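This structure is a prediction, so every number in the text was calculated from the model and none was measured.
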Amino acid sequence: MDKSMNQAQQTIKVLVIESGGTASSHSDWLGASVEVATVDSFDEARALLANGQFRYVIASPETFSLETALSVCRPCANLAAEGEGVGIIDAGGELVWANCRLLRFPEEVCDFTRAKCAKVLASETLESADGDSDQPQSLRFTLRRPDGGVFELTATPVLDKDGGVRQVVAVVRDATQVRARQEKLAAVDHAGRELVRLDQEQVSSLDTAERLALLEQKIVRYLHDLMHFDNFSIHILDKKTNKLEMALSSGMPETVEDFDLYALPEGNGIAGYVAHYGRSYNCPDVSKDPRYLKGLDEARSSLTVPLRLNDEVIGVLNVESNQLAAFDDQGRQLAEMLGPDIATALHILDLLVVERFTTTGQLGSHVLAEVTEPLNDIMTDVENLVEDYIGHDDLRHRLNRITNYALAVREAIKRVTSPKGGVLGHRPTAVRRHDPILTGKKLLIADDEVMIRETVRDVLASYGCEVQVVENGNQAVELIRNQRFDLVLSDIKMPGRNGYEVFAAAKDAHADTPVILMTGFGYDPNHAIVRARREGLAAVLFKPFKVDQLLGEIRAVLHTSSG
């Protein structure tokens, strides 16, 4: 029983269309495992195929016609009904048969197919695919429509027994999405390379604010024009605090800045989750995702991808849409593809700072190493002379001054070559200077760097200013609410409230209070400088700045406000 069933399962059924033929004559050469049925015409074959399953259909060259065969073999007629369009063009250049898919294509596509296949039929020479075979190779053509549609045609000639081209089989594929994806990938790759193309000549001609503006302009343009991301934000990961700091945003409400986000898997939104695990997160419906923290008004879906630099997560890109499931796998892949370039672009200014500070620190170490020994020799010799000239007070005072000078030289080298950003060119002095613009003015200095606070305080105090200093934004806002200041000088990045919040508090308390913001080399989270300038920011100081620059900006601001 099992043996007979296996034998039945292994039997191959073949239908032969041949006038005057017999099944037995074909069984002899096809073998015992082949069950042969023979018919005289295609009409008989069509009836037989309707009631039975055949693995192969064999027809003699005299009776074979591809369009007739396709009409008989329904599985062939439905070939690629959901994919490629298939058609047959005869020697007269007419479309004699087409499957449903081809007929559903625009009429322009069918006309294009007929025209190209007619050229193939008219060709006097058709090279074979391998150079030896009688079957000529397929020819490929592309149609680009004004609406952006792209169709690819493969035309394969069918030869008769004499080697003449009787028909052409046309296979047409709608390649619009595939081509669009390829072009998008190429565009994203090009954009990524352009994004980080800030050569030395270009950068050297720009000041710090212009460099930052150029970098942000590139990122916003590529995300908006290329990716069609209209509402997005970029957070940078602070490795020391594990906090996600807002770097820039476009189309997002100001409320997104109210969240204190950390790179943690729970309790810090989708951004914290992505920054922690380093994996993209596509949220098709924000109303059903407990990790989502409200950002865009009426947001329906979001996409968040990690920003990597040398395989290390340095931040996240978050995109939101007011449509459900607005982001597909292709959008995610493209965002991931552009992510490393965004990370590199964002990091360029920081790399310049690190390079400069590192070089400066190395220079300081080398200089100190060279001068320390001779300075120590000078101070040792001076101390010996002082001991030798006991009783000569005047000479001893002069020798002590030499020692102090040597110490001052060593400290000056340390200060000038220090890799820390701050106020350059300042020497503490107890001399009180009178300045009609500065003297008597009440100023508030807010900065979490001790050196900045103390240096700026000492400089301004020497000009008769009444200066109060605080180390974080919360303290600054509290003082602003309870006291009136002639000028507020605030760092942008501080614990608690940031510089923009200090600026906003000052304007809220007294609209005419001028505010100057300070920031490290190009650091401008939340577009603080851009936003504050629109709302009346007096000036910006980029660290490290010189004392003359500090005094010049403060004098200009106070003079304008008093006038």
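- Between Leu261 and His235 there is a side-chain heavy-atom pair separated by less than 4.5 Å.
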* Begin from the C-alpha positions of Glu320 and Met252 and carry the test side chain to side chain contact (heavy atoms under 4.5 Å, CB included) through to its verdict. => CA-CA 9 Å; Glu320 300 193 8; Met252 300 290 281; 3.7 Å; yes

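- When Leu444, Asp447, Leu541, Val467 are each tested for a side chain to side chain contact (heavy atoms under 4.5 Å, CB included) with Leu489, only one passes: Leu541.
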* To do: Any chance you could lay out the side chain to side chain contact (heavy atoms under 4.5 Å, CB included) test for Val456 and Leu550, step after step, and finish with the verdict?
  => CA-CA 8 Å; Val456 174; Leu550 169 71; 4.2 Å; yes

* Would you please test Val305 and Leu303 for side chain to side chain contact (heavy atoms under 4.5 Å, CB included) and show each step? => CA-CA 7 Å; Val305 300; Leu303 171 66; 4.2 Å; yes

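- In this structure, Arg555 forms a cation-pi arrangement with Tyr463, its terminal cationic atom sitting closer than 6.0 Å to the ring centre and no more than 45° off the ring axis.
- Not one N or O on the side chain of Glu312 forms a donor-acceptor pair closer than 3.5 Å with the backbone of Arg308.
- No donor-acceptor pair closer than 3.5 Å links the side chain of Asp448 to the backbone N or O of Met494.
- Contact check on Asp238 versus Lys493 returns a salt bridge, with a Lys/Arg side-chain nitrogen under 4.0 Å from an Asp/Glu carboxylate oxygen.
- Listed here is the closest heavy atom pair of Leu487 and Ile554: CD2-CG2, 3.6 Å.
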* Carefully, step by step, assess Lys243 and Asp260 under the rule salt bridge (Lys or Arg N to Asp or Glu O under 4.0 Å). => CA-CA 7 Å; Lys243 187 177 181 180; Asp260 286 334; 3.3 Å; yes

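- Taken from CG in Asn498 to OG in Ser490, the straight-line distance is 8.0 Å, to the nearest 0.5 Å.
- The shortest distance between side-chain heavy atoms of Val488 and Ile516 does not fall below 4.5 Å.
- Put simply, the side chain of Asp508 never gets that close to the backbone of Ala506: no donor and acceptor are under 3.5 Å apart.
- The backbone N or O of Ala326 sits less than 3.5 Å from a side-chain atom of Ser301, completing a donor-acceptor pair.
- When every heavy atom of Leu443 is checked against every heavy atom of Leu460, the shortest pair comes out as CD2-CD1, 3.4 Å.
- Counting heavy-atom neighbours within 6.0 Å of Asp311 CG, excluding the residue itself, gives a total of 12 or less.
- No donor-acceptor pair under 3.5 Å is formed between the side chain of Thr455 and the backbone N or O of Ile452.
- Residues Phe327 and Val319 have side chains in contact (heavy-atom distance under 4.5 Å, counting atoms from C-beta outward).
- Looking at Asn318, its side chain never comes within 3.5 Å of a backbone N or O of Phe232 through a donor-acceptor pair.
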* To do: Show your working on side chain to side chain contact (heavy atoms under 4.5 Å, CB included) between Ser321 and Arg300 and close with a plain yes or no.
  => CA-CA 6 Å; Ser321 173; Arg300 305 292 296 279; over 6 Å; no

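- Residues Gly499 and Leu517 come closest through the heavy atom pair O-CD2, 3.6 Å.
- Applying the side chain to side chain contact (heavy atoms under 4.5 Å, CB included) rule to Val286 yields the partners Cys283, Tyr292, Ser302; only residues at least two apart in sequence or on another chain are considered.
- Annotation: side chain of Ser280 is in contact with side chain of Glu336 (closest heavy-atom distance under 4.5 Å).
- Classification of Arg453 and Glu449 as a salt-bridged pair fails, no side-chain N sitting under 4.0 Å from a carboxylate O.
- Remark: side-chain polar atoms of Glu535 are not paired, donor with acceptor, to backbone N or O of Ala532 under 3.5 angstrom.
- With contacts defined as side-chain heavy-atom distances shorter than 4.5 Å, the pair Lys294/Asp297 qualifies.
- Between Arg291 and Asp289, no side-chain nitrogen of the basic residue sits less than 4.0 Å from a carboxylate oxygen of the acidic one, so the salt-bridge criterion is not met.
- The main-chain N or O of His510 is found under 3.5 Å from a side-chain atom of Thr513 such that the two form a donor-acceptor pair.
- To the nearest 0.5 Å, the span separating CD1 on Ile342 from CG on Leu309 amounts to 12.5 Å.
- When all heavy atoms are compared, the tightest approach of Pro106 to Phe151 is CD-CZ, 4.1 Å.
- One distance of note links CG of Asn268 with CG of Leu293; it measures 8.0 Å at 0.5 Å rounding.
- When all heavy atoms of Gly278 and Pro306 are compared, the pair lying nearest together is O-CG, 3.5 Å.
- Closest heavy-atom contact between Tyr277 and Pro265: CE1-CB, 3.5 Å.
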